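Written out below as structure tokens is the structure these notes cover.
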Amino acid sequence: MAVDLPTAPRNDWRSLTVVGAVFVVSLLPMLVTNALVTGEVLRPPRGVDGTGVVTPADTGSAGGGGGGGGGGSEGPGGGLPLDGVGGVVANVLSIVEDSLAAATDRERVYTVFVRSVGADISGSARFAGTNLSVLETAPVLALSVVALGAWLSGLRKEVSRLRRVDPTVVLAVGIVLAFVVLYLFRLPLRVQVTQRYLLPVFPLGLYVLARSAAVTRLLERAGDTVLWSYGVGVLVGGQLLLVAALVRELQPGGAAQLNARVSIVTAVLVAATGVLAVWTRRFDRVVGVAVGLACAAGTVFVLLAHLEYFQVTGEAILPVVQELTELLSA
């Protein structure tokens, strides 16, 4: 609703009534399920413990583990139960307040999004360093610096561009912000390999970048270079990383951190060369190489993590990753 209303071509009463009716109908399955299982339409089944009472630990703990400060295991708002609409609203506002406070913690934001300090997983020294940041996992998202810079530069010249923003892009950005607000105060956690609670941010971020005019122009001018550098990065760079990890006899945490350092280098190259290319209209091929290597670094991490670093994790969640790793290991 926050996206639809300001971007809709029409907001007359008839249109709003139809949209409202469809929205209410879409909620019926959830509300009926809640009523049948918990006896209250606004209380979700997963929030009910053995006694049928919603507890702060049930509503506030996402994924367990002792994360950084801000939320902890007590849940947002210091143990606020869900009690009707007022309780839901208060709970949401409490989460927003906690995340806004967490956003002012520069060390936390840096650790989650840029460079992780590599906390131990479950206290095991063997897996120390496996808690990777968003950028260490998906360095190609450094293109967001290029997209945002180009958009802000154009916005200063033409304020009317605000009215031409694609609603789908705004929705994607809104969902990204919603996930960040929902989980930032709980991150980073000691019990995860990556910032997995922000995983939906990755494809949505790529979608927003693909819709950016500046990024699209860059990739169109250097598309062949991107593909070639990506292929070389995966086929050659991946083997070099694996050899380096085996020769140095690195534990999973150390190998993951080696991959993370490579990803950070490629992310810096993407951001730096991308900004130069937008401002000077040059360096297209250099940007293409940087983008291809950044994509390759993310791909290599996914493949090596499943093939070599963390073989004990079993099957991959994404079928395409499972098929590819089985093919490569055959």
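If you're wondering where the values come from, they're calculated on a predicted model, not measured in any experiment. Below, all heavy atoms of this structure are taken into account, side chains as well, without hydrogens, waters or symmetry copies.
Nearest heavy-atom pair across Gly274 and Leu218 is O-CD1, 4.2 Å. In terms of heavy atoms, Pro203 sits closest to Leu199 at CD-O, 3.1 Å. When all heavy atoms of Thr111 and Glu107 are compared, the pair lying nearest together is OG1-O, 2.7 Å. Considering every non-hydrogen atom in both Leu258 and Ala244, the closest pair reads CD2-CB, 4.0 Å. Shortest non-hydrogen contact noted between Ala147 and Ser212 is CB-OG, 3.4 Å.
The same ILVMFWY cluster, assembled from side-chain heavy atoms under 4.5 Å apart, contains both Val201 and Leu143. Hydrophobic clustering (ILVMFWY, side-chain heavy atoms < 4.5 Å, transitive): Leu227 and Leu303 are in distinct clusters. Follow the hydrophobic side-chain contacts under 4.5 Å out from Val270 and you reach Val146 in the same cluster. Leu206 and Val180 fall within the same hydrophobic cluster, defined by Ile, Leu, Val, Met, Phe, Trp and Tyr side-chain heavy atoms under 4.5 Å apart, directly or through other members. Hydrophobic cluster membership is shared by Leu184 and Phe179, with clusters built from Ile, Leu, Val, Met, Phe, Trp and Tyr side chains linked at under 4.5 angstrom.
Take Arg285 and apply the salt bridge (Lys or Arg N to Asp or Glu O under 4.0 Å) test, not counting sequence neighbours, and it matches no residue. Take Asp105 and apply the salt bridge (Lys or Arg N to Asp or Glu O under 4.0 Å) test, not counting sequence neighbours, and it matches Arg108. Contacts of Arg221 classified as salt bridge (Lys or Arg N to Asp or Glu O under 4.0 Å), with partners at least two apart in sequence or in another chain: Asp284.
Identified under the side-chain hydrogen bond (donor to acceptor under 3.5 Å, both in side chains) test for residues 200-211, with sequence neighbours left out: Asp166-Arg211, Tyr207-Arg211. Within the structure, the salt bridge (Lys or Arg N to Asp or Glu O under 4.0 Å) test picks out no pair touching residues 231-259 (sequence neighbours left out).
Between the side chain of Ser229 and the main chain of Gly288, a donor-acceptor pair closer than 3.5 Å is present. With hydrogens and angles disregarded, a donor-acceptor distance shorter than 3.5 Å links the side chain of Ser133 to the backbone of Val114.
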For residues 260-267, which side-chain N or O atoms pair as donor and acceptor with protein atoms under 3.5 Å away, sequence neighbours left out?
residue: Ser263; atom: OG; partner: Glu136; partner atom: O; Å: 3.1
residue: Ser263; atom: OG; partner: Asn259; partner atom: O; Å: 3.1
residue: Thr266; atom: OG1; partner: Val262; partner atom: O; Å: 3.4
residue: Thr266; atom: OG1; partner: Ser263; partner atom: O; Å: 2.7

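At a threshold of 4.5 Å between non-hydrogen side-chain atoms, the residues Leu141 and Leu209 count as touching.
Tested against Leu198 for a side-chain contact (heavy atoms from CB on, under 4.5 Å), the candidates Val112, Leu182, Thr137, Val176 yield a single pass: Val112. Of the listed residues (Tyr183, Phe185, Phe202), just one forms a ring-ring contact (aromatic ring centres under 6.0 Å, His included) with Tyr197, and that residue is Tyr183.
Distance check: Ser116 OG to Leu135 CG gives 12.0 Å after rounding to the nearest 0.5 Å.
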For this session: Could you walk me through whether Tyr230 and Thr299 pass the side chain to side chain contact (heavy atoms under 4.5 Å, CB included) test, one step at a time?
Result: CA-CA 9 Å; Tyr230 175 74; Thr299 301; 2.9 Å; yes
